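In this chain, numbering begins with 1 at the start of the sequence shown. Whatever order the structure lists ligands and atoms in, that order sets their numbers, starting from 1. The shown structure was predicted, so the numbers you read here are calculated from the model rather than taken from an experiment.
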Amino acid sequence: MIRVAVTGAAGRVGMEVLRTVGAEDDMEVVAAIDPRAAGAKFVDSHGDQVPYMPDLAAALAETRPEVLVDFTHPTQVEGNVRTALAAGLDCVVGTTGVTLERYRELAEAAPPGTALFVAPNFAIGAVLMMKFAKEAARYMPTAEVVELHHDKKADAPSGTAMRTAQLIAESRSAAPTVPGKDTEVAGGARGAFVEGVPVHSVRLPGLVAHQEVLFGGQGQTLSIRHDSIDRSSFMPGVLLAVRKVGALSGLVVGLENLLED
Ligand code: NAP
């Protein structure tokens with residue numbers, strides 16, 4: 001049994017993580033940490049009760065988990081990961097809005113043998129979208145990203161859009177001139193520039209997590225689109241990471257690194 005602690009356990013994704021981990025036979029939720037729900041209880045599908053706790057350090061000392069899963073907030077995740085790594089846990093992080101440089105620093109300061117696994121997107125379809133976008137950029141270097149999320153999202157652009165732009169920039173041999181930046185009538189109309197790739201963020205109630213990568217070439221366009229229509233889309237990736245993080249060490253970024261060829 002893998003003993004799992006979840007931070008952000010009362011959040012939109014965290015609640016889904018509790019339900020999903022709690023239903024597996026080879027792992028169990030031993031700590032649900034979220035100040036918002038302190039005093040309440042999570043009951044897993046086996047009928048086991050786990051009280052929500054407000055404080056991570058106290059929860060770790062009391063419940064001795066092996067893996068932390070964090071879906072919290074860009075302002076909270078670094079502290080949570082630092083606490084968990086220092087206590088010898090491996091970490092699986094989905095929280096976005098923190099630079100990879102910061103995660104690298106956290107992993108470097110961690111005790112030897114611990115692992116920090118970070119995925120900007122745990123949905124397999126989104127991982128494929130990024131892979132296909134990277135491939136397309138070799139042949140069609142002119143690209144823009146449109147990401148669309150629910151209106152409560154804490155960061156813009158999304159972690160997936162940031163990663164997609166990095167992959168496109170790595171893949172193309174030269175950054176094409178982006179037309180139209182100096183023609184903006186309203187500031188920001190041409191998007192934010194991430195590694196030279198225009199990225200446009202849409203925030204609307206009703207959305208979950210969506211992204212379209214558009215490529216333009218002579219007389220043609222190519223669109224690669226992914227839609228998470230439900231947060232359950234992230235769960236197979238989270239389970240895979242919980243099962244595999246114990247065999248990793250240091251910082252590993254991206255679900256693609258855990259998939260079999
Ligand atoms: P959410 O609904 O706001 O949930 C976050 C929860 O964390 C809230 O209940 C919040 O409580 C709680 N929290 C805040 N500080 C905490 C702390 N120090 N310790 C424990 N819990 C704490 O957000 P969400 O939609 O679930 O998203 C969470 C993060 O995951 C975001 O960064 C989002 O971008 C990311 N995400 C990643 C993926 C992926 O595949 N990588 C997919 C979806 C979302 P309060 O509201 O009281 O602060």
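Scanning all protein heavy atoms for the shortest distance to atom 19 (N) of ligand 1 gives N80 ND2, 3.7 Å. What sits closest to atom 46 (O) of ligand 1 on the protein, heavy atoms only, is R36 NH2, 2.7 Å. Scanning all protein heavy atoms for the shortest distance to atom 28 (C) of ligand 1 gives T72 O, 3.2 Å. Nearest non-hydrogen protein atom to atom 30 (O) of ligand 1 is F71 CD2, 3.4 Å. For atom 32 (O) of ligand 1, the nearest protein heavy atom (residue, atom name, distance) is T96 N, 3.1 Å. For atom 2 (O) of ligand 1, the closest non-hydrogen atom on the protein side is R12 N, 2.9 Å.
Checking side-chain atoms of D70 against main-chain N and O of T7 turns up no donor-acceptor pair under 3.5 Å. No side-chain donor-acceptor contact under 3.5 Å links S171 to the backbone of I168. For the pair D44 (side chain) and H46 (backbone), a donor-acceptor distance under 3.5 Å is present. Judged purely by atom type and a 3.5 angstrom limit, R3 uses its side chain to pair as donor or acceptor with the backbone of T63.
L128 and V208 fall into different hydrophobic clusters, where Ile, Leu, Val, Met, Phe, Trp and Tyr side chains are chained together by heavy-atom contacts under 4.5 Å. One hydrophobic cluster holds both M235 and F117 under the rule that ILVMFWY side chains link at heavy-atom gaps under 4.5 Å. Hydrophobic clustering (ILVMFWY, side-chain heavy atoms < 4.5 Å, transitive): L60 and V69 are in distinct clusters. Clustering ILVMFWY residues whenever any of their side-chain heavy atoms sit less than 4.5 angstrom apart, transitively, puts L207 in a cluster other than the one holding V199. Residues L251 and V77 fall within the same hydrophobic cluster, defined by Ile, Leu, Val, Met, Phe, Trp and Tyr side chains chained together at heavy-atom separations under 4.5 Å.
For ligand 1 and D34, the ligand atoms under 4.0 Å from any heavy atom of the residue are 6 (C), 7 (O), 8 (C), 9 (O), 10 (C), 11 (O), 12 (C), 20 (C), 21 (N). Of all atoms in ligand 1, listed by their number and element, those nearer than 4.0 Å to a heavy atom of G94 are 30 (O), 35 (C), 36 (N), 37 (C), 38 (C), 39 (C), 41 (N). Which parts of ligand 1 touch K153 is read off a 4.0 Å heavy-atom cut-off, strictly below it: atoms 34 (O). Of all the atoms in ligand 1, the ones that sit under 4.0 Å from a non-hydrogen atom of P120 are 39 (C), 40 (O), 41 (N). In summary, the atoms of ligand 1 found under 4.0 Å from a heavy atom of V13, numbered by their order in the structure, are 26 (O), 43 (C), 44 (C).
Salt bridge present: R102 and E78 bring a charged side-chain N and a carboxylate O closer than 4.0 Å.
Heavy atoms of F122 found under 4.0 angstrom from ligand 1 belong to the backbone as well as the side chain. If you look at K152 next to ligand 1, there are no close heavy atoms at all, none under 4.0 Å. Contact annotation for S158 and ligand 1: no heavy atom of the residue comes within less than 4.0 Å of the ligand. When non-hydrogen atoms are compared, ligand 1 lies under 4.0 Å from neither the backbone nor the side chain of A154.
Ligand 1 has no atom lying under 4.0 Å from any heavy atom of L56. Using a 4.0 angstrom heavy-atom cutoff, A209 does not count as in contact with ligand 1. For G97, the heavy-atom gap to ligand 1 stays at 4.0 angstrom or more.
Considering backbone and side-chain atoms alike, G8 places an N or O below 3.5 Å from some N or O of ligand 1. Backbone and side-chain nitrogen or oxygen atoms of Q76 are examined, and one is located within less than 3.5 angstrom of a nitrogen or oxygen of ligand 1. The distance criterion of under 3.5 Å between nitrogen or oxygen atoms is met by A119 with respect to ligand 1.
More than 12 heavy atoms of other residues, nucleotides or ligands shown are found within 6.0 angstrom of CG on L204.
In this structure, atom 4 (O) of ligand 1 has protein heavy atoms in its sub-4.0 angstrom surroundings.
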**Message:** Would V29 and V17 count as a side chain to side chain contact (heavy atoms under 4.5 Å, CB included) here? Give the steps.
**Reply:** CA-CA 9 Å; V29 177; V17 173; over 6 Å; no
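Tested against E147, the residues Q211, H210, R203 include a single side-chain hydrogen bond (donor to acceptor under 3.5 Å, both in side chains) partner, R203.
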